[in-house]
Amino acid sequence: MRTHNRHVFMCVGPRCTENGLQAQAVFELMGEKIDARPELTVKRTRTHCMVACRNNGPILVVYPEGTWYNRVDAAAVERIVSEHLVGGKEVSDLIFHRLGEGDTCTLDKQDV
């Protein structure tokens with residue numbers, strides 16, 4: 001395993017795109033973009049459904065920051081690699097969740 005200081009997890013379906021085909025293609029593109037920048041120390045791992053997209057996938061998560069991106073396509077990959085992984089700044093308009101902020105669901109006090 002190569003040395004890394006960030007770990008990118010990306011869902012490749014099968015629910016986020018038809019049979020996960022488009023998601024897999026985007027995952028492969030992410031690998032190409034990361035590999036094209038030898039200065040990056042990023043490990044990339046494919047996952048199956050993260051049960052978070054509600055049809056707004058594919059989902060991509062960057063750790064250790066815990067930044068969750070949705071609707072990741074080729075244009076998003078370009079921005080995430082150049083702005084976040086290289087530049088160190090999250091792509092805020094693509095983020096739908098951050099580690100430690102908010103819950104995926106909340107209960108009304110009546111439900112407790």
To the nearest 0.5 Å, what is the distance between [atom1] ([X]) and [atom2] ([Y])?
{"X": "Met50", "Y": "Trp68", "atom1": "CE", "atom2": "CH2", "value": "5.5 Å"}
{"X": "Ile59", "Y": "Asn70", "atom1": "CD1", "atom2": "CG", "value": "5.0 Å"}
{"X": "Ser82", "Y": "Lys33", "atom1": "OG", "atom2": "NZ", "value": "9.0 Å"}
{"X": "Glu101", "Y": "Thr67", "atom1": "CD", "atom2": "OG1", "value": "9.0 Å"}
{"X": "Leu60", "Y": "Asp73", "atom1": "CG", "atom2": "CG", "value": "11.5 Å"}
{"X": "Leu85", "Y": "Met30", "atom1": "CG", "atom2": "CE", "value": "6.0 Å"}

Taking [Y] as the starting point, is it possible to reach [X] by hopping between hydrophobic residues whose side chains are less than 4.5 Å apart?
{"X": "Val62", "Y": "Phe96", "result": "no"}
{"X": "Leu29", "Y": "Val8", "result": "yes"}
{"X": "Leu94", "Y": "Val77", "result": "yes"}
{"X": "Val72", "Y": "Val42", "result": "yes"}

Which heavy-atom pair separates Arg6 from Gly88 by the least distance, and what is that distance? NH2-CA, 4.2 Å
Could you report the tightest heavy-atom contact between Asn5 and Pro64, atom names first, then the distance? O-CD, 3.5 Å
Does NZ or CZ of Arg44 lie under 6.0 Å from the centre of the six-membered ring of Phe27, at an angle within 45° of the ring axis? yes
For Tyr69 and His84, what are the C-alpha separation, side-chain angles and deciding distance, and is it a side chain to side chain donor-acceptor pair (under 3.5 Å)? CA-CA 11 Å; Tyr69 294 102; His84 189 155; 2.6 Å; yes
Please walk me through it: do Asp93 and Arg71 pass salt bridge (charged side-chain N to carboxylate O under 4.0 Å, His left out)? CA-CA 11 Å; Asp93 59 303; Arg71 297 185 177 128; over 6 Å; no
Verify the neighbour count for atom NE2 of His4: are there more than 12 heavy atoms of other residues, nucleotides or ligands below 6.0 Å? yes
If you draw a 6.0 Å radius around CD in Glu90, do more than 12 non-hydrogen atoms from other residues or ligands fall strictly inside? yes
Could you tell me if the side chain of [Y] sits less than 4.5 Å from the side chain of [X], heavy atoms only?
{"X": "Gln24", "Y": "Val26", "answer": "no"}
{"X": "Thr47", "Y": "Met10", "answer": "no"}
{"X": "Cys11", "Y": "His48", "answer": "no"}

For the side-chain contact (heavy atoms from CB on, under 4.5 Å) test, which of Arg46, Gln22, Glu28 pairs with Val12? Arg46
Please test Leu99 against Tyr63 for side-chain contact (heavy atoms from CB on, under 4.5 Å), starting from the C-alpha separation and ending with a verdict. CA-CA 9 Å; Leu99 186 66; Tyr63 280 102; 4.0 Å; yes
Walk me through it: do Val81 and Arg37 pass the test side-chain contact (heavy atoms from CB on, under 4.5 Å)? CA-CA 9 Å; Val81 170; Arg37 297 180 178 261; 3.9 Å; yes
For side-chain contact (heavy atoms from CB on, under 4.5 Å), just list the numbers for Leu40 and Val86, CA-CA rounded to whole Å, side-chain angles, deciding distance to a tenth of an Å, and then say yes or no. CA-CA 7 Å; Leu40 284 179; Val86 173; 3.9 Å; yes
